[in-house]
Structures are given as structure tokens and as C-alpha cells.
Asks: 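Okay, handing you the structure first.
Labels below follow one simple rule: chain letters A, B, ... track the order of the sequence lines, proteins then strands, and each chain is numbered from 1.
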Amino acid sequence: MSVKIATWNVNSLKVRLPHVLEWLTANKPDVLVLQEIKQTSDAFPAAAFSAVGYQSVANGQKTYNGVAVVSRFEISDPVFEFPDFADPQRRVLAATINGTRVVNLYIPNGSEVGSEKYAYKLGWLNILRDFLAGELLRHQRLVVLGDFNIAPTDADVYDPEGWGDAVLCSPLERQALRELLALGLTDVFRKFEHPEKSFSWWDYRAAGFRRNAGLRIDLILTNDAMTGACTACYIDKEPRTWDRPSDHAPVIAEFHFQATTI
DNA sequence: ATGGTGGCACAGCCA
């Protein structure tokens with residue numbers, strides 16, 4: 001059995017719905033998780049996804065943030081927030097699909113090092129670690145993916161010296177990410193060969209995409225069972241070339257499992 | 001370049 005799971009920060013699903021539907025029908029992932037849908041759950045275009053063969057669950061809000069999961073298969077046991085953390089920002093959607101736990105994250109951006117938003121990001125990452133520790137215990141197959149707003153290493157930055165220790169690359173953020181990995185998760189993109197300067201986000205400003213001035217901040221983390229089953233992980237830059245694109249590109253992981261009894 | 005572009009929603013915030 002093969003499974004294809006993808007993540008995409010769409011920067012407004014209202015604007016990007018045609019791109020998402022085009023990409024879904026062309027690439028046919030089993031699961032696509034979205035970030036920054038920037039609309040309420042009620043406004044989520046479930047019928048448009050249903051028409052192309054996908055079920056959906058949304059965790060949205062007005063104006064900012066918002067995440068969703070679309071899937072060719074049943075989406076069960078959804079969780080919309082961390083326990084004991086009353087976060088008004090909709091950034092989490094965990095659900096089980098065909099026996100695999102999928103955790104969709106829109107990790108806070110952090111604005112700039114030292115700011116209130118940066119402190120919120122670090123606190124959020126701390127709560128995330130506790131949540132994922134529990135998810136790892138509860139589920140045999142776990143995939144944690146989304147917009148992490150952290151470039152794991154300098155290899156994930158177009159100009160590491162120029163970027164320095166600014167937000168998305170600062171030591172405390174990278175340390176927090178390493179602590180997530182230390183729970184037993186793998187940044188599965190790095191299990192495969194890729195060209196240098198492979199990125200998933202390019203700033204709209206200053207012709208970032210044309211100059212490949214980007215970062216790899218959209219990640220797919222897998223537990224050992226999923227890492228062992230992963231056959232490919234790659235970034236699809238094509239939608240970033242389309243008219244009126246998101247500033248992020250989709251990231252895809254493919255898995256192959258031996259036939260099992262579930 | 002102390003900016004630049006894009007989305008939301010209609011002034012300024014967020015990324």
C-alpha cells in the first residue's frame with residue numbers, strides 16, 4: 001500500500017482555492033494539510049473538495065491563521081488544540097487517517113527575536129513538545145507536518161550569513177526544533193538527496209523566488225515506523241511559478257507499507 | 001533600499 005501525504009501553506013484559501021484544486025487533481029495525494037487558510041471553519045469550501053474526491057476537516061478563524069486537512073479517506077478523532085492551552089489562534093489539527101496519525105501545524109512566525117510574538121512562539125513550541133510526546137505514545141504511525149517557521153540548519157537558508165540569528169533561524173528556535181526531533185522524529189526530507197538550496201518558502205518582496213532567496217521552513221517529521229516506510233520526500237516548486245501564488249510551495253512525502261491487517 | 005509584496009479588510013496588522 002502506498003500513501004502520499006503533503007503540506008502547503010496557501011496564504012488564504014479564498015484566494016488560492018483554484019491552485020489547490022488544480023494541484024490536488026494533478027498530484028492526487030492521499031492527504032493534503034493546509035495552513036493559513038485565513039477563513040472560519042464555516043466558510044471552508046468543503047463542497048469544492050468533495051467534488052474532486054476529498055473529505056475535509058477545518059480549524060479556522062477570521063482573518064488570520066487557520067488549518068485544515070483534506071483526505072481521500074475517512075478523517076477520524078480530530079483534535080483542534082493542545083490540552084490545557086487556551087490559544088485563540090487556530091494552528092493545530094491532528095487526526096487519524098487509515099491508521100496513521102497526522103498532526104498539521106502552523107507554528108507561530110515569531111515576528112522578531114526578543115518580541116512578544118517570539119516569546120509566544122517559544123512557549124508554543126514547548127507545549128507542542130509535550131503534545132507530541134503524548135502522540136508518539138498513543139500512535140504507532142505518526143506524521144507531524146506543516147509550516148514550522150523554523151529553518152532547521154544553515155543548509156536550509158539561502159544566505160545564512162546575511163540571515164544570521166534572525167527569527168526563523170535563531171538558536172532558541174532551532175534548539176526547540178531539535179528537542180522535537182529528540183522525541184523520536186525525523187526531518188524526513190533529509191533522508192534523501194536534494195540539490196543544494198532547496199527551499200519551500202520565498203518572500204514576496206525583493207523578487208525572492210526569482211533569486212531563489214528562500215528558506216526551507218515547511219517540514220515533514222516522521223516517527224520511526226513512518227521514516228522506515230518513507231520512499232520519497234520532495235518540494236514541488238511548480239505552484240510557486242503560477243499566477244498569484246502562495247509564498248510557500250507544497251512539500252510531499254511518499255510511503256510504502258507491506259500489506260498488513262488492521 | 002530602515003524598504004520591498006501580498007492578504008485581510010478597509011487602517012493597520014501580519015507574514
Side-chain angles (χ1 to χ4, degrees), chain A residues 7-23 32-45 48 58-68 81 87-93 104-125 128 145-152 156-170 172-174 176-177 199-219 235-251:
Chain A
T7 177
W8 195 2
N9 179 322
V10 294
N11 186 21
S12 168
L13 187 57
K14 284 180 198 169
V15 172
R16 229 66 67 193
L17 181 61
H19 282 197
V20 175
L21 295 174
E22 172 80 18
W23 190 83
L32 172 63
V33 306
L34 304 171
Q35 303 88 37
E36 285 202 270
I37 65 172
K38 293 187 172 179
Q39 63 188 345
T40 61
S41 302
D42 287 350
F44 186 84
N59 183 20
Q61 68 183 93
K62 188 174 161 64
T63 309
Y64 297 124
N65 310 309
V67 290
E81 49 205 343
D87 188 0
Q89 303 188 22
R90 313 320 290 162
R91 297 179 173 278
V92 179
L93 212 177
N104 176 18
L105 302 175
Y106 176 44
I107 291 179
N109 171 283
S111 187
E112 59 182 294
V113 174
S115 67
E116 279 186 28
K117 291 191 180 70
Y118 184 75
Y120 166 71
K121 180 180 196 173
L122 294 179
W124 203 96
L125 285 162
L128 171 64
L145 74 173
D147 179 357
F148 280 65
N149 270 316
I150 302 171
D156 303 303
V157 181
Y158 71 101
D159 175 18
E161 285 149 29
W163 200 279
D165 289 345
V167 76
L168 312 186
C169 296
S170 74
L172 288 177
E173 294 168 77
R174 285 177 166 172
L177 177 59
F199 305 129
S200 66
W201 168 84
W202 301 262
D203 202 316
Y204 287 123
R205 296 166 289 189
F209 186 66
R210 181 182 56 73
R211 299 185 294 119
N212 196 34
L215 304 176
R216 190 175 68 91
I217 57 177
D218 299 273
L219 309 180
I235 298 163
D236 182 7
K237 289 169 70 170
E238 194 197 321
R240 191 63 175 77
T241 70
W242 295 348
D243 188 49
R244 234 183 145 188
S246 169
D247 45 351
H248 295 252
V251 184

Asks: Could you state the atom-to-atom distance from NE2 of A:His19 to P of B:dG6 in whole Å?
Replies: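 For the pair A:His19 NE2 and B:dG6 P, the rounded distance is 13 Å.
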Asks: For A:Phe44, give me all partners under ring-ring contact (aromatic ring centres under 6.0 Å, His included), at least two apart in sequence or on another chain.
Replies: A:Phe49
Asks: In chain order, what residues pass the salt bridge (charged side-chain N to carboxylate O under 4.0 Å, His left out) check against A:Arg211, with sequence neighbours excluded?
Replies: none
Asks: My understanding is that only residues two or more places apart in sequence, or in another chain, count here; which of them pass ring-ring contact (aromatic ring centres under 6.0 Å, His included) with A:Phe209?
Replies: A:Trp202
Asks: Is there a donor-acceptor pair under 3.5 Å between the side chain of A:Arg91 and the backbone N or O of A:Val67?
Replies: no
Asks: With sequence neighbours excluded, tell me which residues meet ring-ring contact (aromatic ring centres under 6.0 Å, His included) with A:Trp23.
Replies: A:Trp8
Asks: Could you measure between the two C1' atoms, the one in B:dA15 and the one in B:dG4, and give it in whole Å?
Replies: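 Comparing C1' positions in B:dA15 and B:dG4 gives a spacing of 13 Å.
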Asks: Please encode protein proximity along nucleotides 7-15 of chain B as a string of B, S and -, counting only heavy-atom distances under 4.0 Å.
Replies: BSS---BSB
Asks: For atom P, what is the distance between B:dT2 and B:dA11, given to the nearest Å?
Replies: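 Per the computed distance, 27 Å lies between those P atoms.
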Asks: Rounding to the closest angstrom, what is the interatomic distance between B:dC14 and B:dA9 at atom C1'?
Replies: 13 Å
Asks: Tell me the salt bridge (Lys or Arg N to Asp or Glu O under 4.0 Å) pairs involving residues 105-124 of chain A, sequence neighbours left out?
Replies: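 Sorted result for residues 105-124 of chain A: A:Lys121-A:Glu173.
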Asks: Using atom P in both nucleotides, what's the gap between B:dA1 and B:dC10 to the nearest angstrom?
Replies: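 The answer is 36 Å between these two P atoms.
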